[in-house]
Amino acid sequence: MALVAPQSVNDGPLFAEVDMGSDSNATTVRATVVQASTIFYDTPATLDKAERLLAEAASHGSQLVVFPEAFVGGYPRGSNFGVCVGNRTAKGKEEFRKYHAAAIDVPGPEVDRLAAMAGKYKVYLVMGVIERDGYTLYCTVLFFDCQGRYLGKHRKIMPTAMERIIWGFGDGSTIPVFETPVGKIGAAICWENRMPLLRTAMYAKGVEIYCAPTADAREVWQASMTHIALEGGCFVLSANQFCRRRDYPPPPEYVFSGTEEDLTPDSVVCAGGSVIISPSGAVLAGPNYEGEALISADLDLGEIARAKFDFDVVGHYSRPEVLSLTVRDLPTSPVVFTSASSRSEDSLKS
């Protein structure tokens, strides 16, 4: 693994790029996972940072760039939002108000800006955001093509532990796999990657470049990523933030519950571990635990067919007469107005 100093985009490179080459005669896609921190509670500044990172990745020829979970809007690590069983504090409610204000509407002006970035730098962009839908928030991944078009989104279907206090649950209508010239791209977020049935649904849709934005920096995460690459016969691109305590607001505005007194501004609160893994389980780049970085690899798309020859989990290695999966992929709504259905039926009759 070599560190390559990237070319200047603005005043100079933000990070060294971790560069792993591959066979130049094979069909390849240059992919980058971004390991960097949100500017917490400051969505415009975070979008500015995202553009600098995207520009830098594009300057190295990246065709696909994947950002971490909740990069836009922020991952509220360490916060308990003033919640305990049977009580919610006024301070915690104010924390949620600020977090809600930092989230983005989909569609909305921030989505338009992200689309413009993808088009400007001619890259496919996979971006982790906190989506605001009224007063419910979702942990979401947005997809954009290299022409600057918004393709769609995936909402995290199962937030983990305390995340369930602040995020809603996605339904089966947002588990997309997009067919693009650089491969079939999909995403699952953090611990929903540990849900076998969700992975199976993505395999059935033909995912080839499996994006796994996460907030899990533990070394054991690497085992899950390797397993998914082998199981799915796909490339796995996992992007995590690298954050220090100083990347979050200082106390008392923001408090890391239970650990604040042990932290200094330079304390690492999320160590990254972003990685790119091939369908054969080979680590192509990363994992990186050293700091903010652009982590890149050339993906030999021929590896997919070579891996599927051994094991095609929803093809020749499946037993549908014994084991099968039904996915309810229609949108769900807590409220349905029958008058709207009646008007639709009347318009068809007329």
Side-chain angles (χ1 to χ4, degrees), residues 13-16 18 33-53 56 66-84 88-104 127-130 137 139 159-167 189-191 212-222 238-275 286-295:
L14 293 179
F15 313 126
V18 181
V33 294
V34 173
Q35 181 165 288
S37 174
T38 302
I39 302 173
F40 210 81
Y41 288 153
D42 194 338
T43 297
T46 297
L47 289 170
D48 290 343
K49 182 174 183 177
E51 180 159 10
R52 293 195 301 271
L53 293 164
E56 190 169 333
V66 181
F67 278 76
E69 177 180 15
F71 185 79
V72 176
Y75 187 83
R77 186 175 302 278
S79 179
N80 61 18
F81 288 87
V83 172
C84 66
R88 288 152 301 283
T89 67
K91 182 177 185 296
K93 291 179 181 181
E94 175 61 12
E95 286 178 10
F96 181 79
R97 184 201 65 77
K98 293 167 69 175
Y99 191 52
H100 178 272
I104 67 172
M127 175 64 74
V129 306
I130 300 302
L137 303 180
C139 184
T160 299
M162 284 283 290
E163 295 173 356
R164 297 171 200 169
I165 293 171
I166 52 170
W167 296 340
I189 305 169
C190 206
W191 275 22
T214 188
D216 192 340
R218 299 172 306 156
E219 289 187 14
V220 72
W221 179 253
Q222 303 301 319
S238 183
N240 193 6
Q241 297 193 32
F242 183 94
C243 308
R244 298 183 185 274
R245 176 62 185 88
R246 64 172 178 260
D247 292 316
Y248 286 82
E253 180 184 4
Y254 191 101
V255 175
F256 277 70
S257 180
T259 62
E260 186 64 57
E261 60 277 7
D262 300 323
L263 300 175
T264 70
D266 287 331
S267 295
V268 175
V269 295
C270 183
S274 302
V275 69
N288 183 306
Y289 298 100
E290 302 305 316
E292 294 198 330
L294 301 178
I295 300 163

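Excluded from the calculations below are hydrogen atoms, water molecules and symmetry mates; all remaining heavy atoms, backbone and side chain alike, are included.
Atom NE2 of residue H100 and atom CD1 of residue I166 lie 12.5 Å apart, to the nearest 0.5 angstrom. To the nearest 0.5 Å, atom CG of residue D216 and atom SG of residue C270 are 8.5 Å apart. Taken from CD in E253 to NZ in K91, the straight-line distance is 8.5 Å, to the nearest 0.5 Å. Distance check: S238 OG to W221 CH2 gives 5.5 Å after rounding to the nearest 0.5 Å. Atom CD in Q35 sits 6.5 Å away from atom CG in N240 (nearest 0.5 Å). For the atom pair OH (Y248) and CD1 (I39), the distance works out to 12.5 Å, reported to the nearest 0.5 Å.
Residue K98 places its NZ atom among more than 12 non-hydrogen atoms of other residues, nucleotides or ligands, all under 6.0 Å distant.
Put simply, the side chain of R245 never gets that close to the backbone of L263: no donor and acceptor are under 3.5 Å apart. In this structure a side-chain-to-backbone donor-acceptor pair under 3.5 Å is present from T89 to G92. The backbone N or O of P76 lies less than 3.5 Å from no partner atom in the side chain of S79, so there is not a single donor-acceptor pair. With hydrogens and angles ignored, the 3.5 Å screen pairs no side-chain donor or acceptor of T38 with any backbone N or O of F40. Between the side chain of R164 and the backbone N or O of P159 there is at least one donor-acceptor pair closer than 3.5 Å. At least one donor-acceptor pair closer than 3.5 Å links the side chain of R77 to the backbone N or O of A215.
Between Y99 and Y41, the ring centre distance reaches or exceeds 6.0 Å.
Between L294 and L53 there is a side-chain heavy-atom pair separated by less than 4.5 Å. Counting heavy atoms from C-beta on, the side chains of S274 and N288 never come closer than 4.5 Å. In this structure, the side chains of V129 and F71 stay at 4.5 Å or more apart for every pair of heavy atoms.
Between Y254 and E260, the side chains place no donor N or O within less than 3.5 Å of an acceptor N or O (distance only, hydrogens not considered). A donor-acceptor pair shorter than 3.5 Å cannot be found between the side chains of T43 and T46.
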TODO: Determine, step by step, whether N80 and M162 satisfy the side chain to side chain contact (heavy atoms under 4.5 Å, CB included) criterion, reporting the C-alpha distance in whole Å, the side-chain angles of both residues, the deciding distance to 0.1 Å, and the verdict.
DONE: CA-CA 7 Å; N80 61 18; M162 284 283 290; 3.7 Å; yes
- [ ] Could you walk me through whether V33 and V275 pass side chain to side chain contact (heavy atoms under 4.5 Å, CB included), step by step?
- [x] CA-CA 7 Å; V33 294; V275 69; over 6 Å; no
- [ ] Take E292 and S37 through the side chain to side chain contact (heavy atoms under 4.5 Å, CB included) test and state the conclusion after the steps.
- [x] CA-CA 8 Å; E292 294 198 330; S37 174; 3.5 Å; yes
TODO: Report the C-alpha separation of F67 and V72 in whole Å, then their side-chain angles, then the decisive distance to 0.1 Å, and conclude whether the side chain to side chain contact (heavy atoms under 4.5 Å, CB included) test is met.
DONE: CA-CA 9 Å; F67 278 76; V72 176; over 6 Å; no
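Ring geometry, F81 versus F96: the interplanar angle exceeds 60°, so the pair is classed perpendicular (tilted spans 30 to 60°).
Under 4.0 Å is where a charged nitrogen must lie from a carboxylate oxygen, and between E95 and R88 no such pair does.
When all heavy atoms are compared, the tightest approach of A217 to A271 is CB-N, 3.6 Å. Minimum interatomic distance between L137 and A103 (heavy atoms only, all atoms of both residues): CD2-CB, 3.8 Å. When all heavy atoms of P265 and R244 are compared, the pair lying nearest together is O-CB, 3.8 Å.
Y75 pairs with exactly one of Q241, E69, E163 by the side chain to side chain donor-acceptor pair (under 3.5 Å) rule, that one being E163.
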